[in-house]
Amino acid sequence: MALLPILCYPDPRLHKVAQPVQAVDERVRSLVDDMLETMYEASGIGLAATQVDVHLRLVVIDVSEQRNQPLVLINPEITWMSEERVKGEEGCLSVPGIYDGVERASAVKVKALDRHGKTQHVEAEGMLAICMQHEMDHLLGKVFVEYLSPLKQGRIKTKMVKAQKAER
């Protein structure tokens, strides 16, 4: 397993639309393992392949307190979402240190393949539902800050660019 570099906003590669996984093979399972290791090391609860510059429809999530219930979603699609909306504080491993309120469906049903290529249906509410929607946005090339006002987006972009220059 290996830690993967996480792209930081406003990197244009975060806006690429991910392609479907054609076959769940050893290469994909290895990527899943690397993504889980990367997510846990970064203290995140979700990571989309887009964030590690792999543009495949693949997401890993673990919202458990013990960090021992990984959920792998390959080629995920939302099949249902509640009309009820909730606004919660979101953060992102690609936008470190930034948190803001985003409104999302309070519950979702998702169909996806698991790490073995078997179809699974996941019903989620609360934090898991929000995380699934957040990570699936990445697969569409969308970062959570794009839900914020243009003023906030501009401030966040400026702050992130400054932080990246300071790191170099």
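This structure is a prediction, so every number in the text was calculated from the model and none was measured. Values below: every heavy atom of this structure, side chains too, minus hydrogens, waters and symmetry copies.
- Under the 4.5 Å side-chain heavy-atom criterion for grouping Ile, Leu, Val, Met, Phe, Trp and Tyr, Y99 is not connected to V102 through any hydrophobic cluster.
- A donor-acceptor pair under 3.5 Å links the side-chain atoms of H15 to the main chain of G141, judged by distance alone.
- Electrostatic pairing of D53 and K16 does not count as a salt bridge here, judged by no charged N lying under 4.0 Å from a carboxylate O.
- Side-chain contact between V95 and V143 is present, with at least one heavy-atom pair separated by less than 4.5 Å.
- Residue T79 comes nearest to V110 through the heavy atom pair OG1-N, 4.2 Å, listed as atom of the first residue, atom of the second, then distance.
- Rounded to the nearest 0.5 Å, atoms CG (L3) and CE (M35) are 13.0 Å apart.
- Taking the ring axis of Y147 as reference, the NZ or CZ atom of K142 stays within 45° of it and closer than 6.0 Å to the ring centre.
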- Determine, step by step, whether E125 and S106 satisfy the side chain to side chain contact (heavy atoms under 4.5 Å, CB included) criterion, reporting the C-alpha distance in whole Å, the side-chain angles of both residues, the deciding distance to 0.1 Å, and the verdict. CA-CA 6 Å; E125 56 186 29; S106 64; over 6 Å; no
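- L14 contributes atom CG, which lies 7.5 Å from atom SG of C92 (distance to the nearest 0.5 angstrom).
- Under a hydrophobic-cluster definition in which Ile, Leu, Val, Met, Phe, Trp and Tyr are linked whenever side-chain heavy atoms come within less than 4.5 Å, directly or via other members, L93 and L31 are assigned to the same cluster.
- Side chain of S82 to main chain of A107: a donor-acceptor pair is present (N/O by atom type, distance under 3.5 Å, no hydrogens or angles).
- Here the side chain of R29 pairs no donor or acceptor atom with the backbone of H116 at under 3.5 angstrom.
- Counting heavy atoms from C-beta on, the side chains of R104 and F144 come closer than 4.5 Å.
- The main-chain N or O of G154 is found under 3.5 Å from a side-chain atom of T158 such that the two form a donor-acceptor pair.
- The nearest pair of heavy atoms linking C8 to P96 is SG-CD, 4.1 Å.
- Here the shortest heavy-atom pairing between I6 and A42 reads CD1-CB, 4.1 Å.
- A donor-acceptor pair under 3.5 Å is absent between the side-chain atoms of E135 and the main chain of A49, judged by distance alone.
- Considering only heavy atoms from C-beta on, K152 comes within 4.5 Å of D100 through its side chain.
- In this structure, D62 contributes its side chain and Q69 its backbone to a donor-acceptor pair below 3.5 Å.
- Between D114 and I74, every side-chain heavy-atom pair lies at or beyond the 4.5 Å cut-off.
- In terms of modelled atom types and a separation under 3.5 Å, the side chain of R13 and the main chain of T50 share no donor-acceptor contact.
- A 4.5 Å side-chain heavy-atom check between K111 and P76 finds every atom pair outside the cut-off.
- No side-chain heavy atom of D34 sits under 4.5 Å from any side-chain heavy atom of V52.
- Between E77 and R57, none of the side-chain N atoms (NZ, or NE/NH1/NH2) sits under 4.0 Å from a carboxylate O, so this pair counts as no salt bridge.
- In terms of modelled atom types and a separation under 3.5 Å, the side chain of E90 and the main chain of V145 share no donor-acceptor contact.
- Taking CD1 of I61 as the reference point, atom CD1 of I130 lies at 11.5 Å (rounded to 0.5 Å).
- Considering CG of L73 and CG of L58, their distance stands at 8.5 Å, rounded to 0.5 Å.
- Nearest heavy-atom pair across G101 and E89 is N-OE2, 3.5 Å.
- Formation of a donor-acceptor pair under 3.5 Å by the Q51 side chain with backbone atoms of A48 is found in this model.
- Annotation for E123: atom CD does not count as buried by contact number, only 12 or fewer foreign heavy atoms lying within 6.0 Å.
- Residues L36 and M39 have side chains in contact (heavy-atom distance under 4.5 Å, counting atoms from C-beta outward).
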- Derivation and outcome, side chain to side chain contact (heavy atoms under 4.5 Å, CB included), residues H134 and H138: CA-CA 7 Å; H134 175 111; H138 279 297; 3.5 Å; yes
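- At a threshold of 4.5 Å between side-chain heavy atoms, the hydrophobic network of Ile, Leu, Val, Met, Phe, Trp and Tyr places L7 and L47 in two separate groups.
- L128 and I78 end up in the same hydrophobic cluster when Ile, Leu, Val, Met, Phe, Trp and Tyr side chains are linked at under 4.5 Å.
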inquiry  = Using the rule given for side chain to side chain contact (heavy atoms under 4.5 Å, CB included), can you reason through Q153 versus L151, listing the C-alpha separation, both sets of side-chain angles and the distance that settles it, and then say yes or no?
reply    = CA-CA 5 Å; Q153 286 181 46; L151 179 64; over 6 Å; no
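- In R85, the CZ atom is crowded: over 12 heavy atoms of neighbouring residues, nucleotides or ligands sit closer than 6.0 Å.
- Remark: R67 CZ is packed, more than 12 non-hydrogen atoms of other residues, nucleotides or ligands lying under 6.0 Å away.
- In plain terms, the two heavy atoms of Q120 and L113 that are nearest each other are NE2-O, 3.4 Å.
- In this structure, N68 and S64 approach most closely via the heavy-atom pair N-OG, 3.1 Å.
- Counting non-hydrogen atoms of other residues, nucleotides and ligands closer than 6.0 Å to CD of E41 gives a total of 12 or fewer.
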V24 and R115: side chain to side chain contact (heavy atoms under 4.5 Å, CB included), yes or no, with the steps? CA-CA 7 Å; V24 181; R115 68 177 298 129; 5.6 Å; no
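- No chain of hydrophobic side-chain contacts below 4.5 Å, direct or via other Ile, Leu, Val, Met, Phe, Trp or Tyr residues, connects V122 to V60.
- Looking at P70 and Y40, their side chains come closer than 4.5 Å, going by heavy atoms from C-beta outward.
- A donor-acceptor distance shorter than 3.5 angstrom exists from the side chain of E37 to the backbone of A2, with no hydrogens or angles considered.
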